[in-house]
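Structure, as structure tokens:
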Amino acid sequence: MNDILKDLNSKQREAVQHTEGPLLILAGAGSGKTRVITHRIAHLVHKGISPSNILAVTFTNKAADEMRQRVVRLLSSRSAHGIHIPLICTFHSFSMRVLRQDIDRIGERRDFVIYDESGQSSLIKECLKELRIDEKKFKVSAIANAINKAKDNLVDFESYQIYTAADGNYYREVINDIYALYSRKLSRNNALDFGDLIMKCVQLLKQHKDILDKYQERFRYLMIDEYQDTNHAQYMLTKLLGKKYGNICVVGDDDQSIYMWRGADMRNILHFEKDYTKQNSSVRVLKMMENYRSAKDILDVANNLIKHNIYRRHDKGVLRCVGAKRSQKKSCVDFMEMLNEQEEAQYVVNEIKLRLKKKNSSDGDIAIFYRTNAQSRVFEDVFRRENIKYTIVGSVQFYERKEIRDILSYLRLVVNPSDSVALKRIINIPNRSIGKVTINQLEQFALKQNICLYEGLLNADKINSINESKCRTIKSFVSFIEKFKKDKNTLSVAELTSRLINETGYISALEAEDTFESRARIENAKELISAMREFEERTPSGNVEFFLEQISLMDTSGMVPEGYDVEGNGNPKSGSGLTGHGSRVRVVLMTLHLAKGLEFDHVFLTGMEEGLLPHINSMASEAELEEERRLCYVGMTRAKKQLSLTCCSERRLYGTRRWNLPSRFVNEVQVSMGTTKKVREKETSLWRIGQRVRHPMFGDGKILDKSGSGDGLKMVVLFNSGETKKLLVKYAGLQRY
DNA sequence: GATCAGTAATGTGGA
DNA sequence: ATTACTGATC
């Protein structure tokens with residue numbers, strides 16, 4: 001038997017060897033999914049299929065990178081000379097490739113830029129202003145959701161109009177107007193949003209048979225990861241590509257579908273069999289339910305939970321424990337009800353400290369999961385107070401920082417002057433005295449003349465309401481950008497950017513500020529430049545356009561601290577920092593959504609309360625409730641050795657005090673657990689006069705006086721700088737230390 | 001008087 | 001992070 005098949009169990013081997021025709025792999029949590037995909041790719045190549053005929057699609061870049069690395073390892077061990085790696089990429093980057101080649105066939109320019117979520121909402125705000133729609137009645141986020149949802153379902157604004165005309169709903173009519181204007185604006189700015197990438201790709205392939213044929217011929221073997229998360233547009237894209245040869249292998253787990261709210265359509269995975277069965281060929285379905293990750297107790301709990309989902313599920317049996325050692329006398333699942341969220345956090349920290357003391361070096365990774373981001377605050381407070389290092393996964397990411405976005409907007413503008421969103425972001429950064437009013441006048445002018453905003457700036461002297469001195473300021477800004485438009489082709493990305501931030505005065509403005517925060521921003525700007533240098537080394541031919549493209553396709557989500565393996569399956573990554581360092585314990589905090597695909601020795605699943613998990617907004621419909629249950633299931637199945645569930649009888653949430661019951665999910669798992677213990681409230685007054693506090697901006701200080709209570713609690717704080725400030729506790733972000 | 005910059009007030013589902 | 005208000009500046 002060849003070594004690609006050697007370390008696989010029988011189900012895995014069958015999946016790898018089934019290469020022709022449609023194949024559905026239902027891969028339970030911890031069953032070795034990534035392993036099967038990578039080995040299957042290697043097996044295809046080994047069989048003699050050209051790597052260029054193989055396409056594997058994932059949802060995140062992280063998953064794609066991980067897979068690529070593992071495929072390289074598998075292939076290079078068996079061939080000394082240069083190996084060719086199949087295309088492994090995300091849905092979005094695949095669509096991007098296709099569109100860069102041929103989008104002109106459906107009437108857009110090939111040098112488009114991509115708008116992220118904030119670019120999208122800026123543009124929607126522009127639309128609201130132009131259509132004179134009240135932002136309070138039509139929330140930008142709601143409109144963005146509606147538009148994204150439409151695009152996920154392949155409904156472009158023309159089709160939206162047809163549906164709207166049919167049902168005569170006022171809200172939809174307004175959305176329709178915004179959608180139409182928004183689409184025209186995108187086009188005018190030479191930009192696509194994320195939804196467009198897939199939708200336009202499908203439109204292109206549907207409308208032009210020659211292009212479809214080109215890709216069908218090229219990619220004869222398709223593999224789709226996390227198929228349960230595909231939306232309709234993604235479904236259609238894979239369907240089109242796989243139509244000719246039918247060699248389509250999808251991998252997923254309907255029990256881990258947690259992105260319905262983002263457009264994922266579970267019917268894709270539930271109906272795959274029916275969908276791909278034809279007269280002359282049948283669909284192979286493989287169920288991999290052997291779990292290599294978790295202790296038996298943990299799997300019992302998870303199985304007990306998920307069996308309560310009856311509404312939509314593949315019948316695939318329960319997760320079976322293999323490999324992992326049976327736990328000792330003590331159950332490795334426990335549950336604790338605490339009085340409030342401070343006590344909950346304290347309990348978790350105490351448990352972690354106990355573990356640290358034991359010096360049980362094999363219990364290296366600890367994760368704390370929660371349903372909502374807001375819950376992380378309390379944990380941070382306690383961890384900091386107790387001096388335990390932790391990492392929050394998914395908090396503000398590097399490329400989402402203000403200073404980085406500012407600099408990137410400059411680059412965007414230089415590359416594509418019609419990008420009005422980028423222009424408006426930076427036109428007055430640093431201060432040039434071009435304010436709201438002036439921008440408004442420029443916008444009005446551009447709208448009337450039917451030119452883009454940048455051209456409006458070029459013609460600022462033709463606007464009566466703009467005086468001469470303002471005009472000069474605008475002109476000097478324009479010539480600044482024009483200069484860099486020329487430099488762009490002669491300078492490297494890093495060099496161009498470094499000049500840009502120096503010559504704009506961006507850096508000197510930050511230097512003048514000279515605060516803790518501004519110094520950090522300068523550091524980040526420098527970090528960006530070094531990221532660019534790295535990029536130049538990696539891709540010597542790479543220009544600014546390509547650099548920007550890479551960044552816009554990076555998933556800001558799913559970023560995990562280095563060393564955490566995706567679906568480890570007993571293959572510790574060498575040099576990951578997890579092995580060989582003795583008792584180095586790592587604590588990570590994240591939302592349940594971010595936990596998917598990861599694994600940890602000890603998992604704390606916190607806030608197990610009605611209203612939080614299941615979340616209050618998901619309790620109305622059975623479908624949403626089941627998604628909450630799956631979310632909980634995902635959290636539980638991340639644990640290898642120990643799973644601790646916690647809840648609070650009282651919790652301060654969104655400013656109000658709430659009394660929640662323990663989550664129904666706790667009752668559902670029905671495993672004997674540690675007795676519920678009520679912990680006495682220690683101290684009501686955490687903010688006492690004399691207490692040392694830390695403020696994110698003003699630094700360290702001490703409480704001099706306080707007044708008010710509850711949300712109105714105010715404090716007078718004397719900071720080390722000598723300044724005295726009166727602060728509202730609710731918003732000040734103070735921490736005790 | 002118009003416009004701008006800085007400050008204060010306010011907002012919470014999940015990527 | 002975004003909006004409302006206020007004093008500063010052209």
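Just so you know, these numbers come straight off a predicted model, no measurement behind them.
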Nearest whole Å is fine: how far is dA15(B) P from L598(A) CG? 13 Å
Any chance the side chains of D196(A) and Y115(A) put a donor and an acceptor closer than 3.5 Å? no
Closest to side chain of E135(A), choosing from dA15(B), dG13(B), dT3(C): dT3(C)
Value in whole Å for how far the P atom of dT3(C) lies from CG of L128(A): 11 Å
Rounded distance in Å - CZ (R262(A)) to C1' (dA15(B)): 4 Å
Would you say the base of dG13(B) stacks on W261(A) (centre-to-centre below 5.5 Å, plane angle below 30°)? no
List in chain and number order the residues that pass salt bridge (Lys or Arg N to Asp or Glu O under 4.0 Å) with E403(A), two or more places apart in sequence or in another chain; answer none if no residue qualifies. R521(A)
Which residues satisfy the ring-ring contact (aromatic ring centres under 6.0 Å, His included) test with F445(A), sequence neighbours excluded? none
Across all chains, not counting sequence neighbours, the side chain to side chain donor-acceptor pair (under 3.5 Å) partners of S118(A) are D116(A), R405(A)
Can Y182(A) and D193(A) be counted as having a side-chain donor-acceptor contact under 3.5 angstrom? yes
Letter per nucleotide, 5' to 3', of nucleotides 1-7 of chain B [B base touched, S only sugar-phosphate touched, - untouched; heavy atoms, 4.0 Å]: --SSSS-
Please tell me if N373(A) has a side-chain N or O lying less than 4.0 Å from either OP1 or OP2 of dT12(B). no
Can you find a donor-acceptor pair, distance only, under 3.5 Å between Q375(A) side chain and dG13(B) base? no
With sequence neighbours left out, what residues match K129(A) under salt bridge (Lys or Arg N to Asp or Glu O under 4.0 Å)? E443(A)
Protein-nucleotide distance (I124(A), atom CD1; dT2(C), atom C1'), rounded to Å: 16 Å
So which one's nearest nucleotide on DNA chain B is more toward 5', N148(A) or K139(A)? K139(A)
Of dG13(B), dA15(B), dT12(B), the nucleotide closest to the side chain of T591(A) is dA15(B)
Rounded interatomic separation in angstrom, taking CG from L612(A) and C1' from dG13(B): 10 Å
What nucleotide among dG13(B), dA15(B), dT12(B) has an atom nearest to a side-chain atom of H593(A)? dA15(B)
When rounded to the nearest Å, what value does the distance between C1' atoms of dG13(B) and dT3(C) take? 23 Å
Salt bridge (Lys or Arg N to Asp or Glu O under 4.0 Å) involving K475(A) - partner list, sequence neighbours excluded: D461(A)
Once you round it to whole Å, what is the distance between C1' of dA1(C) and NZ of K125(A)? 9 Å
Rounded to whole Å, the NZ-P distance (K424(A) to dA1(C)) equals 20 Å
Interatomic distance, Y370(A) OH vs dG14(B) P [rounded to whole Å]: 10 Å
